[in-house]
Trainee: 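My questions all concern the structure below.
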Amino acid sequence: MNTVLLSDSNNELEKASDLIRNGEIVGIPTETVYGLGADASNANAVRKIFEAKGRPADNPLIVHLADFSQAKDFTTYIPELAYELAERFCPGPLTIVLPKNKKIPMITSGGLDTIGIRIPSHPVMHRIIELSGRPIAAPSANTSGYPSPTLAEHVMRDMNGKIAAVVDGGCSEFGVESTVIAIEGKSSVRILRPGCVTKEMLSELCSEVIIDHAILHELEAGQKAASPGMKYKHYSPKANIIIVDSDLDSFIAYVGANINDDVYSLIFDKDKDLFPYRYMTYGNDSSEQAHLLFQRLRELDDVGAGKVFVRAPKTEGVGLAVYNRLIRAAGFEVIRI
Ligand code: TXA
Ligand code: MG
């Protein structure tokens, strides 16, 4: 299959929407990461997503809508708290898990009777949903297990020849995927995947915000995941990623003691002048780190890094999302000094 690169002109967005209406899959930009979009109500189209990504069939897809008022068309029940959260955070990087109705086939929900609903804020994505007139199922547009794409060029690399088209909508603003939550009781939520709608932000509307254990810990054999995505190895470049949680001096000493031809470090911008070994940087604050992390993981593969020592990010606010992606990329290998 020839994968065409489309611009964000009106004409080309109509082409992308037609492809989706006709059961094809298209790489589409969102404010979090690029997605692989298909008509969520078309089982054959959704099957193509699982094939192109090499995604396990039990890992459910998020359904993207133009407005939260459409959520009632695809769900059986929406608690009051979901409306309040949507009012505050949608459109934006939040996915709310709700009980699905029959319009969404089981293949889309990975066999679950719930679906994640998300209202993206990216104007190009929004336009594609409106033009297609369909609910759009879209996982991140990476090959399963590899870091998520934040540029059209990343999608092209992973999906060239496997999908109909990629729409170039520029660099994804947030850089990490949406916050996924489940509503538990009248006023509490459980974070299943952290993102840029943070625990602190959710706490303004919820009496309790639970951080699911699997966000920071490896699932033990036989343990059931609240979100199937947490079972799988994720976000991993080819390079061996190792998080080193220490101050800068100890970090430099540790890298020095383990230096080798194919060793790189991923450090903060402000460390640059003091750092004597080969490095890339991923910003200073948590939002910059989120914005840059996946791009850097891909670039580290491009330069042939074999082993990468990473300065540990903070775990507050958006930092929790950065840390969650990194510990999975690292296969939970953290060195504390
Ligand atoms: O920002 C995002 O959410 C991006 C963009 C494209 O919108 N999409 C994305 O989709 O990250 P994906 O498929 O790569 O990740 C969805 C995650 C998976 O870990 C999945 O297990 C979880 O959300 N998930 C989806 N539906 C769920 C459900 N009904 N119950 C529990 N977890 C669910
Ligand atoms: Mg993904």
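One-based numbering along the sequence shown. Read the numbers this way: they start at 1 and go in the same order the structure lists the ligands and their atoms.
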Trainee: Step by step, would you call T95 with S178 a side-chain hydrogen bond (donor to acceptor under 3.5 Å, both in side chains)?
Mentor: CA-CA 6 Å; T95 297; S178 62; 2.8 Å; yes
Trainee: Look at atom 13 (O) of ligand 1 and find which of R55, E31, E177 reaches it with the closest heavy atom.
Mentor: R55
Trainee: Which atoms of ligand 1 sit under 4.0 Å from any heavy atom of G35?
Mentor: 6 (C)
Trainee: Got a donor-acceptor contact below 3.5 angstrom from the R328 side chain to the L216 backbone?
Mentor: no
Trainee: So, does K100 sit close enough to ligand 1 that a heavy atom of it is under 4.0 Å from the ligand?
Mentor: no
Trainee: Identify the protein heavy atom lying closest to atom 23 (O) of ligand 1, giving its residue, its atom name and the separation to 0.1 Å.
Mentor: V180 CG2, 3.8 Å
Trainee: Does any N/O atom on R193 come nearer than 3.5 Å to any N/O atom on ligand 1?
Mentor: yes
Trainee: According to the interplanar angle, ranging from 0 to 90°, do the rings of F68 and Y83 count as parallel (below 30°), tilted (30 to 60°) or perpendicular (above 60°)?
Mentor: perpendicular
Trainee: Examine T114 against ligand 1 and note whether any of their N/O atoms are separated by less than 3.5 Å.
Mentor: yes
Trainee: Which residue supplies the protein heavy atom nearest to atom 9 (C) of ligand 1, what is that atom called, and how far is it?
Mentor: S140 N, 3.6 Å
Trainee: Tell me whether ligand 1 is touched by P228 - counting only heavy atoms on the residue side and a distance under 4.0 Å.
Mentor: yes
Trainee: Return the closest protein heavy atom for atom 22 (C) of ligand 1 as residue, atom name and distance.
Mentor: S227 OG, 3.3 Å
Trainee: Which residue and non-hydrogen atom of the protein lie closest to atom 7 (O) of ligand 1, and at what distance in Å?
Mentor: H64 NE2, 2.6 Å
Trainee: If you have a sec, work out which protein heavy atom is nearest atom 27 (C) of ligand 1 and how many Å separate them, to one decimal?
Mentor: P60 CG, 3.4 Å
Trainee: Tell me whether the Mg ion (ligand 2) has S140 as a neighbour, meaning an N, O or S atom of it below 2.8 Å.
Mentor: yes
Trainee: Any sub-3.5 Å donor-acceptor pair from D271's side-chain atoms to F268's backbone N or O?
Mentor: yes
Trainee: Using a heavy-atom cut-off of under 4.0 Å, does the side chain or the backbone of I115 touch ligand 1, or both, or neither?
Mentor: backbone
Trainee: Where is the nearest protein heavy atom to atom 3 (O) of ligand 1: which residue, which atom, and how far?
Mentor: S178 OG, 2.6 Å
Trainee: Tell me: protein heavy atom nearest atom 18 (C) of ligand 1, and distance?
Mentor: N59 OD1, 3.7 Å
Trainee: For the residue pair N11 and S9, confirm or rule out a side-chain donor-acceptor distance under 3.5 Å.
Mentor: no
Trainee: Using 30° and 60° as the class boundaries, would you call the ring planes of H217 and H213 parallel, tilted or perpendicular?
Mentor: parallel
Trainee: In this structure, does ligand 1 have an atom that sits under 4.0 Å from one of the heavy atoms of A138?
Mentor: yes
Trainee: How about CZ on R190, more than 12 heavy atoms from neighbouring residues, nucleotides or ligands closer than 6.0 Å, or not?
Mentor: yes
Trainee: Using a 3.5 Å cut-off on N or O atoms only, is T32 in polar contact with ligand 1?
Mentor: yes
Trainee: What is the closest protein heavy atom to atom 19 (O) of ligand 1, and at what distance does it sit?
Mentor: G229 CA, 3.3 Å
